[in-house]
Amino acid sequence: MVKKLLLLLLFSFTLLFGNEEGGEEFVKKEYHPKTLVELVASFWETTGIKAIIDVNDDEVAIDPAGEEKKLGAFESSVGRIIMIGIVFLLFYLAIAKGFEPLLLIPIAFGGLLANIPLAHMTGPDGMLGIIYNMGIANEFFPLLIFMGVGAMTDFGPLLANPKTALLGGAAQFGIFGSLIGAVALGFDLQDASAISIIGGADGPTSIFIANKLAPDMLGAIAVAAYSYMALVPVIQPPIMKALTTEEERKIKMGVQRHVHKMEKLLFPLIVLLLSILILPESTPLIGAFAFGNFVKESGVVERLSNTMQNALINIVTIFLGLGVGSKLAADKFLVLESLGIMIIGLIAFGIGTAAGVLMAKLMNKFSKEPINPLIGAAGVSAVPMAARVVSKVGAEARPGNILLMHAMGPNVAGVIGSAVAAGVLLSIFK
Amino acid sequence: MVKKLLLLLLFSFTLLFGNEEGGEEFVKKEYHPKTLVELVASFWETTGIKAIIDVNDDEVAIDPAGEEKKLGAFESSVGRIIMIGIVFLLFYLAIAKGFEPLLLIPIAFGGLLANIPLAHMTGPDGMLGIIYNMGIANEFFPLLIFMGVGAMTDFGPLLANPKTALLGGAAQFGIFGSLIGAVALGFDLQDASAISIIGGADGPTSIFIANKLAPDMLGAIAVAAYSYMALVPVIQPPIMKALTTEEERKIKMGVQRHVHKMEKLLFPLIVLLLSILILPESTPLIGAFAFGNFVKESGVVERLSNTMQNALINIVTIFLGLGVGSKLAADKFLVLESLGIMIIGLIAFGIGTAAGVLMAKLMNKFSKEPINPLIGAAGVSAVPMAARVVSKVGAEARPGNILLMHAMGPNVAGVIGSAVAAGVLLSIFK
Amino acid sequence: MVKKLLLLLLFSFTLLFGNEEGGEEFVKKEYHPKTLVELVASFWETTGIKAIIDVNDDEVAIDPAGEEKKLGAFESSVGRIIMIGIVFLLFYLAIAKGFEPLLLIPIAFGGLLANIPLAHMTGPDGMLGIIYNMGIANEFFPLLIFMGVGAMTDFGPLLANPKTALLGGAAQFGIFGSLIGAVALGFDLQDASAISIIGGADGPTSIFIANKLAPDMLGAIAVAAYSYMALVPVIQPPIMKALTTEEERKIKMGVQRHVHKMEKLLFPLIVLLLSILILPESTPLIGAFAFGNFVKESGVVERLSNTMQNALINIVTIFLGLGVGSKLAADKFLVLESLGIMIIGLIAFGIGTAAGVLMAKLMNKFSKEPINPLIGAAGVSAVPMAARVVSKVGAEARPGNILLMHAMGPNVAGVIGSAVAAGVLLSIFK
Amino acid sequence: MEEVNLIFEATKFAILGMGTVFIFLLIMVYVLNIQAKIVGKFFPDKKKEEPTKQIKDDKKIVAVITGAIMAYKRGN
Amino acid sequence: MEEVNLIFEATKFAILGMGTVFIFLLIMVYVLNIQAKIVGKFFPDKKKEEPTKQIKDDKKIVAVITGAIMAYKRGN
Amino acid sequence: MEEVNLIFEATKFAILGMGTVFIFLLIMVYVLNIQAKIVGKFFPDKKKEEPTKQIKDDKKIVAVITGAIMAYKRGN
Ligand code: NA
Ligand code: NA
Ligand code: NA
């Protein structure tokens with residue numbers, strides 16, 4: 001028996017010294033006999049109650065890169081409780097209010113897991129850390145989401161009336177307005193740029209940029225982006241009504257022309273070629289988006305298109321949410337910056353909406369066909385919710401006036417506009 | 001032509017010296033002309049027949065971490081043939097007898113591939129090794145499975161009658177009884193702990209723990225866990241009948257109360273918060289499980305819930321099975337330990353079943369509403385098979401007495417109980 | 001405010017020095033104020049128009065392994081435009097002509113993305129590079145595709161008439177004929193071997209082998225393989241008609257015998273055991289294929305089989321295509337070799353078809369039951385298109401003569417034959 | 001490290017382990033009972049859905065056809 | 001690095017950014033308008049599908065049944 | 001390394017390769033023929049299913065409807 005134990009020990013040693021390359025480094029710790037009281041006492045040391053009651057300054061947080069950081073007394077006690085409160089608020093918003101639940105539920109749950117004391121789930125060997133390193137640190141997951149969104153998007157309304165794309169451009173004032181605001185609040189230029197993309201109202205774009213320019217603020221930026229996208233029906237209508245007259249809101253728009261299959265097929269290629277020529281920096285985002293859309297519009301690879309729109313985007317959404325949620329750990333999220341980010345995000349949405357509406361008013365003045373200024377608000381993207389809000393506000397002014405398809409043009413153009421704006425910011429800090 | 005060949009050679013050199021960082025290190029070996037006879041002879045050296053007939057001591061096995069291990073004559077010949085026999089037995093059990101085929105088929109096939117001479121499929125560049133490093137070495141796949149199982153589990157029956165959860169606790173005597181047994185058989189404390197989790201009758205939990213405490217025995221532990229889970233309808237009924245009287249088995253249980261949606265929604269959060277407070281060590285398992293269940297019960301992200309229950313869990317099941325199967329290589333599996341593991345697993349199931357039934361008898365004595373002691377057997381988990389077995393044995397005693405939903409309470413509580421027990425063992429060896 | 005900025009700076013430094021292990025290395029570059037003109041000028045430097053108009057010799061390409069390579073003036077300008085032309089040709093063939101769109105669309109789009117200047121999408125941090133390192137560099141994706149193909153393949157027709165498997169052997173003359181041809185064209189033996197597998201008419205096998213023997217030619221080989229597989233209905237009929245008489249093409253074949261479920265279940269195991277005994281080198285390919293087929297034929301794990309045939313194979317197809325497409329970068333593809341590869345691929349298909357038909361003529365002479373020589377052409381594999389072409393040519397000669405199921409035997413045997421041939425070539429260069 | 005010692009150690013593990021399992025589950029049972037009361041008070045059940053079952057079944061038939069159409073469209 | 005400076009910098013970013021966004025979208029609008037004309041010329045719409053709608057609907061019913069059968073087979 | 005040499009080498013590869021392919025397939029054909037006989041002996045076909053085809057078709061209709069319901073439920 002002793003011999004066998006020795007052999008086992010030896011075998012463990014072999015394992016120990018041989019596994020340098022693999023993911024797994026197996027070390028069997030020596031076990032020292034303990035009395036039952038000692039055992040219970042050492043167990044008590046590992047409980048979460050102990051960690052919360054008896055705060056000490058020794059606790060460390062490990063990030064996905066394996067970097068250890070000493071936690072302060074606040075971060076390891078009250079901070080965590082506040083974060084769990086925020087997580088429950090997000091659950092409430094997602095479930096009871098229907099605010100972007102597809103992402104807010106995984107993000108919030110990831111935040112819950114990230115705030116568990118002693119479990120180190122955000123470390124390189126923890127579930128959240130593994131996910132983070134798999135697809136957030138390298139920006140792979142946001143691109144896959146963008147590919148799926150591309151496969152779900154119908155650019156028909158935009159192609160039917162291309163000039164509405166300019167409304168999707170005007171709404172990007174939300175990005176650059178909030179950039180100036182963020183700098184005024186004290187953020188440096190790079191952080192301010194990362195934050196300002198919230199105004200683009202595209203989750204994957206925000207995550208992609210935050211990761212490149214300010215990864216430490218990823219959690220707050222993603223939460224702000226998705227929260228405000230969810231708040232579109234609350235934020236936009238008052239601004240839309242304040243900037244338009246009753247008469248303008250009643251404007252009827254003509255029936256859209258039929259768009260040929262070939263136009264839809266070529267569209268993603270045109271956008272991609274333009275972005276190659278003008279802004280190669282935006283091509284990862286626009287490339288992934290165009291690929292998804294091209295696969296869909298080709299019409300010959302239905303099974304790939306379906307997979308992008310379902311199994312693949314769903315799997316990636318689960319992982320993206322959990323991975324982003326790992327940045328809701330108290331020590332990352334409970335900083336003054338997060339408050340600033342939330343405020344700037346709100347301003348960005350307001351500016352974007354206003355700029356879109358004002359641009360639409362301008363275009364209505366010079367256009368042969370009438371343009372209802374409301375559709376400018378859809379330019380912020382937040383596809384397709386902003387377009388639905390436009391349609392609702394339009395129908396309030398004149399029942400039966402269906403603006404939905406007209407609003408979809410600026411709406412999808414807003415996605416492209418934000419990707420271009422993102423590319424410009426990236427090229428500046430390259 | 002010569003110049004071109006030189007250029008090609010040069011290019012190959014560039015590739016050779018440049019690829020240090022990537023997964024691929026491409027080296028073109030120099031080729032020396034051979035006669036046809038030499039060619040056939042050197043081909044003969046690479047055949048499997050040669051490897052089996054002409055056993056030499058030079059063969060090495062490579063594990064997923066890249067560690068080479070010299071194989072003995074037994075391991076590289078008869079050992080492999082025995083393993084292939086075991087694989088075919090598992091195929092037979094899975095296909096003809098319907099024993100947990102979802103995992104036993106991929107595990108057994110992985111075992112078949114792992115025992116192929118010269119192919120090194122378990123090495124870091126082989127299919128099984130790639131899979132192992134992707135999600136077994138870091139315990140990611142078992143957690144994803146647990147997430148999917150969470151999304152499939154309905155805790156309604158447990159919530160209708162919470163005290164039946166205690167039966168899921170009693171069944172964990174199976175774990176700790178077999179821990180003592182394993183130590184008695186000569187395993188050290190850490191190995192014994194890894195083995196004893198088989199008694200928890202949860203595949204992912206067993207794999208998760210085995211990987212942390214005794215990765216070299218992962219194959220045998222996983223095979224034992226799934227085999228015995230499959231054998232539940234054979235192992236449990238005699239024990240259940242021996243410990244109960246005919247009268248007890250005939251006990252009718254009342255109709256379960258209606259459970260409110262809100263209770264189901266809060267349940268995964270309550271369990272997670274409890275595990276955070278009492279046992280942070282169990283939070284990866286319980287966290288993944290609670291996330292899956294919460295996503296399901298939220299009712300607002302049906303597409304994520306469906307993906308967890310279908311595409312994602314199926315993909316991970318295929319990979320988990322193949323990866324675990326890689327540990328059925330003769331040199332890993334054909335050790336005396338495996339026999340011990342099999343015996344202990346059987347004992348564990350027996351103890352767990354018995355403890356559950358006895359606890360139920362005790363509760364029946366003190367409870368206002370009658371409790372049929374059979375439902376205690378479902379506490380071992382093995383969801384939902386153990387609950388079905390309870391229902392069947394109950395119906396044998398009194399036709400028409402449907403215990404299924406009453407047994408589901410202890411059944412799902414058994415999953416939580418095992419995760420808690422697993423957390424305790426992990427905290428000891430931390 | 002200044003203090004806060006300093007703190008932020010400090011925090012960035014911490015991040016900078018701590019992240020050595022993770023995927024992410026975050027460095028905040030110092031920003032120097034610029035005038036608007038300078039800003040526009042530096043932006044102009046990052047545009048694609050500039051990169052194309054003002055070609056300089058400084059541009060580098062980064063491969064997935066992180067290796068930098070200086071691009072020549074041709075590769076970074078005209079070369080890219082030519083490649084984009086080729087990509088559009090592939091789009092045209094895939095969409096308008098229906099040529100293997102499932103792979104040609106992702107491959108071509110990957111090629112488009114790979115040729116974007118300055119975006120470095122094929123580098124280790126770019127989308128294509130991430131995908132390449134994830135599953136192409138280690139040959140994981142082709143194996144998963146093979147697994148899915150195995151789960152889709154019905155070996156019933158082969159089992160009904162096993163000797164038709166020999167036709168799938170004869171067609172491998174296409175591989176070895178083109179091997180000799182490639183050597184004659186000036187390729188070295190190893191490159192020639194990689195190229196010759198195109199003649200096997202199996203995409204995953206070609207990619208698997210190209211990756212092992214000549215990764216720098218992967219793009220051209222994959223494109224050639226899938227293009228010619230798509231061209232089967234154009235290439236094969238004239239050869240089939242030239243080598244057979246009208247009478248031969250009119251030969252009727254008897255009704256196939258019923259194949260027992262058990263034969264189908266054992267078949268993948270038999271093929272795998274044979275490949276273990278004769279050719280362990282082919283076991284990754286045949287093992288993955290056999291696993292998929294066994295899972296399907298077991299009949300007890302429908303959900304795994306469905307996942308292999310749908311979600312999993314679709315996801316992997318998207319990634320495989322994009323990853324292979326990354327090898328269509330101008331500097332990799334626009335070499336004289338690619339032209340040679342295209343020519344040899346065409347010859348290989350011709351030889352394979354001819355050899356299959358001639359072998360079938362021979363077998364017809366000696367067989368008791370009549371064998372229509374056309375079915376030999378299906379031996380090249382290209383499942384199931386080659387079998388459909390056989391059936392069509394047969395029906396032209398004698399309307400109502402349905403050869404489809406008879407052609408499926410050689411067709412699926414061709415997959416095995418190519419995997420064996422691939423194994424032989426691998427064993428030579430091991 | 002003698003054998004008897006190890007069994008003794010394992011027994012201590014068992015006591016700690018079963019103790020923790022039961023404490024965990026007892027607290028859980030207690031919390032769930034409280035939750036049931038609170039939820040029962042604040043979210044009374046709406047049981048009036050029963051009579052509309054007939055209509056629901058008709059809807060189901062429509063839904064089945066819709067589902068099949070969708071399945072067909074998806075498949076093509 | 002004074003604060004005013006930073007806001008000035010950010011404003012320059014905004015000018016560059018909005019400029020690029022509008023240039024991009026203006027070129028896109030222009031190209032799409034040209035494309036619409038070219039496509040309209042080379043791929044005239046086939047609008048004669050309307051009258052065959054009745055037949056298509058009948059086909060749809062067959063397709064639904066086929067789809068359901070396929071779904072069933074796949075599911076088993 | 002002269003050119004002729006390489007072609008000669010490639011030819012030897014071809015002989016080895018085609019030889020292996022044919023040996024592999026010949027053994028496979030042989031084993032499959034044996035298997036067919038053994039399976040035929042131990043697992044005789046149950047051919048009495050034919051007359052029940054009518055019933056099976058009826059079942060199929062039920063199954064189609066069930067399948068569609070399931071598809072619908074899954075989709076929602
Ligand atoms: Na936007
Ligand atoms: Na259990
Ligand atoms: Na082939």
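So that the names make sense, note that chain A is the first sequence line, chain B the second, and so on, each numbered from 1.
- Note on A/A192, A/G181, A/A182, A/S275: by heavy-atom pairs under 4.5 Å with chain E, the leading option is A/S275.
- In this structure, chain E has heavy atoms under 4.5 Å from both the backbone and the side chain of A/L274.
- Proximity to chain E is limited to the side chain of A/I416, based on heavy atoms less than 4.5 angstrom apart.
- Under a 4.0 Å N-O distance rule, the pair A/K163/A/E369 qualifies as a salt bridge.
- Between chain E and the residues A/S418, A/G168, A/A170, the most heavy-atom pairs under 4.5 angstrom are made by A/A170.
- Note: E/V29 leads E/I15, E/T11, E/V29 in heavy-atom pairs under 4.5 Å with chain A.
- Interface remark: E/L26 contributes backbone and side-chain atoms alike to the contact with chain A (heavy atom separation under 4.5 Å).
- Put simply, the side chain of A/N364 gets close to the backbone of A/I371: a donor and an acceptor are under 3.5 Å apart.
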Check your understanding: When you look at A/F155 and A/F289, which way does the ring-ring contact (aromatic ring centres under 6.0 Å, His included) test go after all the steps?
Key -> CA-CA 12 Å; A/F155 282 101; A/F289 191 75; 5.7 Å; yes
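- Here the side chain of A/N411 pairs no donor or acceptor atom with the backbone of A/G379 at under 3.5 angstrom.
- In terms of non-hydrogen atom pairs under 4.5 Å with chain A, the most contact-rich of E/N33, E/L16, E/L25 is E/L25.
- Contacts between A/L277 and chain E at a heavy-atom distance below 4.5 Å are absent for every atom of the residue.
- At distances below 3.5 Å, not a single donor-acceptor pair connects side-chain atoms of A/S178 with backbone N or O atoms of A/A348.
- Both the backbone and the side chain of A/I180 have a heavy atom closer than 4.5 Å to some heavy atom of chain E.
- Contacts of A/L166 with chain E are made by both backbone and side-chain atoms, with heavy-atom separations under 4.5 Å.
- Side-chain contact check for A/L279 versus A/S282: some heavy-atom pair is nearer than 4.5 Å.
- Only the side chain of E/V31 comes within less than 4.5 Å of a heavy atom in chain A; its backbone stays farther off.
- With rounding to the nearest 0.5 angstrom, the CD atom of E/Q35 is 10.5 Å from the NE2 atom of A/H260.
- For the residue pair A/S381 and A/D202, a side-chain donor N or O sits within less than 3.5 Å of a side-chain acceptor on the partner.
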